[in-house]
Amino acid sequence: MADLAIGQTAANASAEARRRVALRPLLALKPYLARYPVMVLSTIVALTLAAMATLVLPLGVRRMIDLGFAGGNDAFVDRYFAVMVAIGLVLALASAARFYTVSWLGERVVADLARDVFRSLTAQSPGFFESEHSGEVMSRLTADTTQIKSAIGTAFSQTLRNLVLLIGALIMMFVTSAKLSVLVLGLIPLVVIPLVVYGRAVKRLSRTAQDSLASASAYAAENLAAVRTMQAAGAEPEVTGRFARALELAFAAAGARMRARAGLTAVALFLVFTGIVGILWLGAGDVLAGRMTGGTLGQFVLYAVFAAGALGGLSEVWGEAAQAAGAAERLGELLVRTPDIRSPDNPKPFPHHAKGEITFDGVTFRYPSRPETAAIEGLSFRIAPGETVAIVGPSGAGKSTIFNLVNRFYDPAKGTVRVDGVDVREADLGALRARAALVPQEVALFADTIAENIRYGAAEAGRADIEQAARTAEAMEFIQRLPNGFDTKVGERGVTLSGGQRQRIAIARAVLRNAPILLLDEATSALDAESEAKVQAALERLMGSRTTLVIAHRLATVQKADRILVLDQGRLVEEGKHPELIARGGLYSRLAGLQFAA
Ligand code: ATP
């Protein structure tokens, strides 16, 4: 282990300057450690004690060889062994304490960090998740925190221990024999320089291997997340083949790295071994010539072994520390990232009495990931409190984009979106979103109970509220038929509920939210007649006197709407009631024939 490690020392020493910069992100962890001063202090005490107990051993060895063995002094030898057992006990206890406190700190810091990073992630705008690879964001949260945990729990602990030992052992080497110490130090460049050259190559190779493995994992995760799409397309063999090829590439890269590393080990071992033999040979000459006692040589050799071991240990963990620094850097970025959509410092209050009015005034908007086309262009309309307005248009016309802008998931490039007379950019985000309830087409359910799924976002809702909401949403009947009623767990992504049932859960959520504005994205997929009737009934009850903006896919909906907005390529092309628009014979009348199921 130490031999490999020495190779690494060299590799890392080569990048001394770069490493110093690279380790800097670890400083971001300082405030997290500073919260636990008692544990940090205990760690330092345990470390010092353990190092002292280790460093005292060679002294005992020398005295024993010189005074005990050489002098044939039985009682002396006995006493020394007893003292050594006591020292061993101190070493054992101090090491155990160090292990405990450092691991504790690792776990604690990582838990705090993961919580803060996740909080920051939840505040980011949807645009952020579109530009970032969402899989990568998840891996930052899990892989990077794990890396930091292991870095603090082992690397940090080892680094401190080895640093203290190395310094102590070096001092003791000089105290024992300055001449031999100078020789040892003189040897170091001879060993290190060839290793530095070799080490660089190893480092480059290991980066290639890591990169190819990361892309293979991302590809695999994406496909498993879309398992239905994959299987329905019969893409399993293709996907497996691609994953396997990516793995082979990673393996090949790893192979090159391993060969380089093996070579490095051989070189390092030989150089180090030869060096040690040479020093011993000189030392033995001194003992034979009477310039040094056997015990002193033994003591020197032990200190040298400690120093080398500590150096090896250090180099080993430097690599890990550098990785952890990378992890800390990535997490640090997330931690301090200011969301591009956030509440202004002095938000404008909404009128106390919520009206539920929506105004778009010359709004033009492009998605950050598609800046070349406007999803919405020069769009103006006003939706009066209590009005039910249907939005109709071909696919990609910008219907869902309107919802995104009302919720301020994005900011328009031009124009203003107002809710209850307040520009959404000037309002508090929480307050704005509390004014609208969204019933999406694809209902996201979480792997939790039905009750918790309904409560989602309304933490203060009690059981009675949840049941009432379910009743309003026509969901009571099917929920009661589930094995554990409201306490039934919904499978991952809600696969155990039908489309109509999922929608009713979403409606129940919206009921609990009790917002003045309802944003409703009607399901395009046909439900069975009974389910359909229930969903409709539930929706009508929910709409009540609320302002409702509905992306309409049903004839019944457009017929009942107070007004219909017809969108095409982000522009408002027609506006009116169903019969008027049909009579006009424009885009709407064409769409109506094609789009609306009865
Ligand atoms: P559909 O009925 O198919 O859902 P829609 O009328 O709701 O369509 P929008 O989803 O508002 O249309 O999309 C308007 C335009 O913006 C489309 O051209 C679409 O491809 C694009 N678009 C939508 N969402 C994004 C996004 N997150 N990033 C980039 N472009 C997007």
Side-chain angles (χ1 to χ4, degrees), residues 121-137 222 225-226 229 339-341 358 360 362-381 383 388-415 417 424 433 436-444 499 502-503 506 517-527 548-558 561 563-575 581 586-597:
L121 275 180
T122 58
Q124 302 302 325
S125 70
F128 167 78
F129 293 93
E130 277 154 24
S131 52
E132 294 284 313
H133 210 279
S134 63
E136 195 206 331
V137 171
E222 265 178 8
T229 312
D340 18 83
I341 302 287
I358 304 170
F360 272 54
V363 174
T364 296
F365 169 71
R366 295 179 180 81
Y367 280 97
S369 50
R370 274 187 68 191
E372 67 286 353
T373 38
I376 275 190
E377 197 152 13
L379 189 64
S380 300
F381 60 79
I383 303 191
T388 296
V389 173
I391 310 175
V392 172
S395 179
K399 304 182 293 287
S400 318
T401 306
I402 293 182
F403 283 14
N404 287 336
L405 295 178
V406 172
N407 263 320
R408 201 185 165 212
F409 289 140
Y410 305 89
D411 279 334
K414 269 193 249 153
V417 177
V424 294
R433 291 173 183 165
L438 176 70
V439 178
Q441 208 181 104
E442 282 297 323
V443 183
R502 291 229 281 261
Q503 275 169 9
I517 296 173
L518 181 63
L519 302 174
L520 171 62
D521 193 352
E522 268 188 342
T524 39
S525 52
L527 303 177
T548 306
L549 204 51
V550 47
I551 298 179
H553 296 289
R554 310 235 172 284
L555 188 59
T557 315
V558 286
R563 201 152 42 110
I564 300 166
L565 302 179
V566 187
L567 288 189
D568 191 23
Q569 296 183 14
R571 292 167 187 276
L572 184 62
V573 291
E574 288 173 29
E575 186 177 351
L581 291 174
L587 175 64
Y588 180 80
S589 67
R590 265 180 286 136
L591 281 177
L594 296 169
Q595 228 174 23
F596 299 132

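Counting starts at 1 for both ligands and their atoms, in listed order.
For the pair Arg408 (side chain) and Arg433 (backbone), a donor-acceptor distance under 3.5 Å is absent. Side-chain atoms of Glu522 do not come within 3.5 Å of backbone N or O of Val550 as any donor-acceptor pair.
Using a heavy-atom distance under 4.0 Å as the criterion, the protein contacts of ligand 1 are Glu130, Tyr367, Ser369, Arg370, Ala375, Pro394, Ser395, Gly396, Ala397, Gly398, Lys399, Ser400, Thr401, Tyr410.
Taking 4.5 Å as the limit, some side-chain heavy atom of Leu567 sits within range of a side-chain heavy atom of Ile402.
Between Leu438 atom CG and Asn407 atom CG the span is 6.0 Å, to the nearest 0.5 Å.
Residues in residues 389-401 take part in these side-chain hydrogen bond (donor to acceptor under 3.5 Å, both in side chains) pairs, two or more places apart or across chains: Tyr367-Thr401.
Heavy-atom neighbours of Gln569 CD from other residues, nucleotides or ligands within 6.0 Å: at or below the threshold of 12.
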